[in-house]
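Have a look at the structure below, then the notes.
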Amino acid sequence: MSARVYLDMDPGIDDAVAMVLATAVCDVAGVATVAGNVDGFRTFRNAHRILRMVGREDIPVHRGSDRPLFGKLETASEIHGTEGLGLAEAPKVVVPDVAPGLGWRWLAEQAKTTPDAWDVIATGPLTNLARMGWGMPESLSRVGRLVVMGGSLSGGNITSSAEFNFFADPDAAEMVLGQVSGVELIGLDVTRQAYLTLADVDRFREYGAVGQWLHELLRFYAGQILRLGFSAQTLAVHDAVAVFAWAHPEAISWEAMRLGVVREGQWRGTLLADPRATERPLAKVALGIDADAFRAWIFESMEKVVEMGMRQ
Ligand code: RIB
Ligand code: CA
């Protein structure tokens, strides 16, 4: 039985694809949300909407940080839409009226109370994980595998050198990469190799109501990317690659590196690799991916989503 998995996300369209696929391939124990693609209320609400879409309202959702450790929130609503899930009709949900910020504490509590190792797949700014490491340092050491979507060693997407998640909270990324050993880092270096074609996007329509909903989200996402002048080759569902890497690490080529993140200034959020920084833990950085296996896995997993839906 594989480990239980906690998702730490900022849904967001590619987070939505990742969350749907995760419910099909992981034993999802819970979701912590964080402000990132859109504000903290919307990411919290969107997590409820996505789980309702797949009939998994049994999965607990906890609201994490509404802002980075320092400075103000920078969102990516120009890509994900004002509400964070494009313009698609989303399931109506009752959003619990809870204070922001406690999601990290709930995640840390799991570390104390869950006897077995549990894994985390983090696909937004790393604020919740950094606050865990700050507030309850022993909890981070209890995490089994930590798979992070973030960073880039081959150019950024929010600035010329910085990837969005690490740009949105560079201090959190720097803290986590400086504290946690063995982070499995899925950066733009591989997510851009595993981009979807428009034909791949249209193929989601073949997978029931959930597939049709994801198709609408991804068509919006593609339209925004093209409108902003990016090529269709950047139709990368970054966060879904992190779930794929958790499920199939053998389909990724990794390199051990000691990493840091620039915290401010012109290079804010830029990921750095420094072999001389021997005081920092080694991370596993994804540099290559079997993109065909990734695409095949997406639709195999969507088959499972359809089967799960039929059992409800
Ligand atoms: O740079 C890509 C990352 O930023 C993804 O996690 C996407 O959802 C956005 O949060
Ligand atoms: Ca994300």
Side-chain angles (χ1 to χ4, degrees), residues 6-22 31-40 42-47 49-50 61 64-68 73-86 103 120-129 146-170 172-173 176 183-196 214 217-218 220-222 224-225 228 230 233-246 261 268-271 285-286 289:
Y6 288 90
L7 305 177
D8 188 19
M9 297 189 153
D10 64 330
I13 290 174
D14 58 329
D15 301 78
V17 178
M19 194 182 291
V20 167
L21 296 173
V31 179
T33 60
V34 63
N37 285 319
V38 287
D39 68 43
R42 287 180 171 89
T43 58
F44 182 55
R45 178 202 60 195
N46 291 344
R49 285 178 162 175
I50 297 158
V61 183
S65 300
D66 264 14
R67 65 182 57 80
L73 175 64
E74 305 258 359
T75 68
S77 56
E78 71 282 1
I79 295 283
H80 298 267
T82 309
E83 297 308 319
L85 293 178
V120 174
I121 301 176
T123 66
L126 296 180
T127 319
N128 291 334
L129 289 169
L146 173 54
V147 182
V148 168
M149 192 281 131
S152 175
L153 294 171
S154 53
N157 57 358
I158 190 76
T159 69
S160 60
S161 61
E163 174 279 327
F164 175 77
N165 287 333
F166 283 13
F167 177 84
D169 195 338
V176 170
V183 170
E184 297 171 54
L185 189 65
I186 304 297
L188 301 181
D189 314 282
V190 286
T191 63
R192 284 173 171 154
Q193 292 177 43
Y195 61 88
L196 297 187
L214 291 182
L217 267 62
L218 287 167
F220 176 90
Y221 186 62
Q224 295 303 95
I225 285 169
L228 291 170
F230 293 105
Q233 284 211 344
T234 53
L235 183 48
V237 270
H238 310 279
D239 298 337
V241 180
V243 179
F244 175 68
W246 177 87
V261 177
R268 166 188 163 148
T270 302
L271 178 67
V285 179
I289 183 170

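Indexing begins at 1, ligand by ligand and atom by atom, following the structure's order.
In the displayed structure, R49 atom CZ is contacted under 6.0 Å by more than 12 heavy atoms of other residues, nucleotides or ligands.
Here is the list of ligand 1 atoms found below 4.0 Å of a heavy atom in F164: 1 (O), 4 (O), 9 (C), 10 (O). Each of the following atoms of ligand 1 lies closer than 4.0 Å to a heavy atom of M149: 2 (C), 3 (C), 5 (C), 6 (O). Within the listing of ligand 1, atoms 2 (C) sit less than 4.0 angstrom from a heavy atom of H238. Ligand-side atoms of ligand 1 in range of D10: 10 (O), range being under 4.0 angstrom from any heavy atom. In summary, the atoms of ligand 1 found under 4.0 Å from a heavy atom of T123, numbered by their order in the structure, are 6 (O). Here is the list of ligand 1 atoms found below 4.0 Å of a heavy atom in D15: 8 (O). Set against the non-hydrogen atoms of N165, the atoms of ligand 1 under 4.0 Å away are 3 (C), 4 (O), 5 (C), 6 (O), 9 (C), 10 (O).
Checking T123 against the Ca ion (ligand 2), an N/O/S atom falls under the 3.0 Å cut-off. Here D10 meets the criterion, with an N, O or S atom under 3.0 Å of the Ca ion (ligand 2).
Scanning the protein for heavy atoms near atom 8 (O) of ligand 1, the closest one is D14 OD1, 2.5 Å. Ranking protein heavy atoms by distance to atom 3 (C) of ligand 1, first place goes to E163 OE2, 3.3 Å. Here the heavy atom of the protein found nearest to atom 6 (O) of ligand 1 is D239 OD1, 2.6 Å. Among all non-hydrogen protein atoms, the one lying nearest atom 9 (C) of ligand 1 is N37 OD1, 3.1 Å.
Looking only at side-chain heavy atoms (C-beta outward), N37 and S77 stay at 4.5 Å or farther from each other. Two residues are said to be in side-chain contact when any heavy atoms from C-beta on lie closer than 4.5 Å; L153 and L271 meet this criterion. For the pair T82/V38, no side-chain contact is recorded, criterion being any heavy-atom separation below 4.5 Å from C-beta on. Under the 4.5 Å side-chain criterion, counting only non-hydrogen atoms from C-beta, F164 is not in contact with I79. The shortest side-chain heavy-atom distance between N157 and R192 falls under the 4.5 Å cut-off.
Between D239 atom CG and D15 atom CG the span is 4.0 Å, to the nearest 0.5 Å. In this structure, CG in D8 is found 8.5 Å from OG in S65, a value given to the nearest 0.5 Å.
Sorting the N, O or S atoms of D239 by how far they are from the Ca ion (ligand 2) puts OD2 first.
When only modelled atom types and interatomic distance are considered, D189 and S154 share a side-chain donor-acceptor pair under 3.5 Å.
Q224 contributes no side-chain N or O that, together with a main-chain N or O of H80, makes up a donor-acceptor pair within less than 3.5 Å.
At a heavy-atom distance under 4.0 Å, only side-chain atoms of N157, from C-beta outward, approach ligand 1.
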